Amino acid sequence: MARWTPQKRKKAWVTTLFGSYYVIFILFIYGPMIAMFILSFQGRRGGTSFPMRGVSLYWWEKLIEPSTVGDMQGALMRSLILALIVMLITAVFSTMLAMAFRKRFFGANVLFYMVMAGLMVPGILLSLSLATLMRQIGMPAAWWSSGLGVHVVWTLPFGFLVMMAVFNRFDTSLEEAARDMGANEWTVFKEVTFPLVLPGIVAAGLFGFTLSYDEFARTTLLAGEFNTLPLDINASMTQRIRPTLFALGTASTLFSILMIGLFLGIYSLLYRRTN
Amino acid sequence: MEEREVSLHRGLIGAQPEPAANGQRVNRQASREGGFPTGWLIAPSVAWLLLFLVIPLISIFVFSFWTSTGYGWTSTGYGLEPGFNLQNYGDYFVSNGFFDPESRRFLSPSVFIKTLGTTFRFTFEVMLLCLLIGYPIAYFLAMRVKSFKWQMALFLLCMVPFWTSYLIRAVAWLPMLGRRGLLNSMLLALDIIDKPTRVLLYSEFGYTTALVQIYIVLCVGPIFFSLAKIDADIIEAAKDMGATAFQIFREIIIPLSLPGVAIGMIFIFVMLMGEFATAVVVYGGKTSTVGTVILNYYAIANYPFAAVNAIMLMLAMMAGVVIILRLVNIRKEL
């Protein structure tokens, strides 16, 4: 058994202190969400705050009934389809961009800051700008056109940074070898580059999916006639808040967490395979 | 900034083998010959960004000088008249009675500038709190957790909320802060207060708390990455030369983590300046942020004035980012 010197004791004490601080911090960032999860199982007569008046699935059932929260199912479908399209575009565009940035080219700096601007420009500003412009030229806004446009502007920098990091540590000699053996560019990409960077592409795409699925500010003025899920949640908050909203919040959060789990799973699987 | 951003994500991508240090440069040179044409690779992204980012931002600048017809868009006409009208900017800065010495509002800033000021103040408070609360967490994860597996697991646990909807995280504060909320019950149980207080929800306290909880992950991440990059040998060397723990912290750890702090602060600053949803949910719309003002003017079809507010927000943000970058020279710190 190790002897407890004063130094060791002090070190253990400091670590315990930091550890407890970490636990409090985790409680702080997860606490409200946990309270919301519990309250979504509120009894039929219960309200939006503690104490619980029995436990029931009443509010979850209400969530599934079509009439209660407007067009919830439709909004969910639209959000999922939008997120899937954004995922595909983000994965493809960020891979292409990062491949271009492997070489030096004219305007590379400008393009880099243009991509990063998507991260920096507040959602409300972009929403307002594009909505006003589209109205002025007489084009109606819709979630699958203008909504899709600004979502990709938001997710592209994340995917791009991931792919830049992947290509930064990419061993180019493998591609060179394939070229030397007479492979054309497409074959090199298909047989060498793509399999090696696939984990990165998956990461970039899933970044796109989750960020788009939860995006609210950028879609505010741009979804047009039909709402996406975050817009629907926002709309239901302007009415009287009921535990249905908590059930919706819980479902949506669990779905996001599921996506992250899926992402980590696929990622580690692909990663193990390529190494 | 470029290299910095990339290195931020290096940790996330995992530990692929580093290419041999001397071979890397040679490879770069060689790769210039092969590969797809750059033009084709960047064309789709450039077109997309022009269409959905650059052109809208230019047009909002142009629209801020146009005149509103006041009717919005109808089947017969547009909501905007082209022109060069500085009235919108005048209205933004000068309120009624600004030049009238008799008036109560003589030379006092307009309500819009005050809103910008309030937004700035909230943003600054939340940034400061995020830094004070988040830094020790990043420090703990990077410096005190020795096993890489645990480090990553605990770090991911902090980052998960970033991938969930911030709207829902704002809603989740309602059962905590309300008059019959958890916090009130806790305070009652501890005999700190004898009847439920209303100051928690729809108040500055509740608003600030919720904002800190929602945005703090954005600063823990970058600070963690810059702390994790610090070479343990430097700290060892300092210890050998007799530096105290506090000296090490002040002379080595703080300066080397500043780039991460700056990036985290820029993230939070930019997100908070455009914030509007939390203000409505947790503050009950009792305060205006620049974001809510923009939405209000959009709703009443005064598009040029919404545009002016947006331009001012953008200028204020740029100023803020420049100030942060002046305080911490990210390039030099690399």
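Chain letters run A, B, ... following the sequence lines, proteins first, then strands; residues in each count from 1. Bear in mind the structure is a predicted one, so any value in this text is a computation, not a measurement. Below, all heavy atoms of this structure are taken into account, side chains as well, without hydrogens, waters or symmetry copies.
Neither the backbone nor the side chain of A/T90 comes within contact range of chain B, judged by heavy atoms closer than 4.5 Å. Proximity to chain B involves both the backbone and the side chain of A/L133, based on heavy atoms less than 4.5 angstrom apart. When heavy atoms are compared at a cutoff of 4.5 Å, A/T250 does not approach chain B at all. Heavy atoms of A/V153 lying under 4.5 Å from chain B belong to its backbone as well as its side chain. Using a 4.5 Å cut-off between heavy atoms, A/I34 makes no contact with chain B at all. Neither the backbone nor the side chain of A/L174 comes within contact range of chain B, judged by heavy atoms closer than 4.5 Å. Heavy-atom distances place both the backbone and the side chain of A/I29 under 4.5 Å from chain B. Heavy-atom distances place the side chain of A/F189, and not its backbone, under 4.5 Å from chain B. Only the side chain of A/F105 has a heavy atom closer than 4.5 Å to any heavy atom of chain B. Looking at A/L156, the atoms closer than 4.5 Å to chain B (heavy atoms on both sides) all sit in the side chain, from C-beta outward. Heavy atoms closer than 4.5 Å to chain A are found in the side chain of B/V281, but not in its backbone. Using a 4.5 Å cut-off between heavy atoms, A/L245 contacts chain B through its side chain alone, with no backbone atom that close. Heavy-atom distances place both the backbone and the side chain of A/V115 under 4.5 Å from chain B. Neither the backbone nor the side chain of B/F269 comes within less than 4.5 Å of any heavy atom in chain A. When heavy atoms are compared at a cutoff of 4.5 Å, A/L39 approaches chain B solely by way of its side chain, counted from C-beta outward. For A/F246, the part lying under 4.5 angstrom from a heavy atom of chain B is the side chain only.
Ranked by heavy-atom pairs under 4.5 Å with chain A, the first of B/V171, B/I42, B/L50, B/L157 is B/L157. Note on B/A307, B/A310, B/A277, B/A170: by heavy-atom pairs under 4.5 Å with chain A, the leading option is B/A310. Among B/V145, B/T209, B/T38, B/V46, the residue making the largest number of heavy-atom pairs under 4.5 Å with chain A is B/T38.
Between atom CE of residue B/M271 and atom OG1 of residue B/T123 there is a gap of 12.5 Å, rounded to the nearest 0.5 Å.
Contact of the A/N109 side chain with the A/Y113 side chain is registered, since non-hydrogen atoms from C-beta on lie closer than 4.5 Å.
Remark: B/F36 CZ is packed, more than 12 non-hydrogen atoms of other residues, nucleotides or ligands lying under 6.0 Å away.
Judged purely by distance below 3.5 Å, without hydrogens or angles, the side chains of B/W66 and A/Q136 never pair a donor atom with an acceptor atom.
Qualifying side-chain hydrogen bond (donor to acceptor under 3.5 Å, both in side chains) partners for B/Y215, counting only residues two or more places apart in sequence or in other chains: B/E275.
A centroid separation of less than 6.0 Å is found between the aromatic rings of A/F160 and A/F101.
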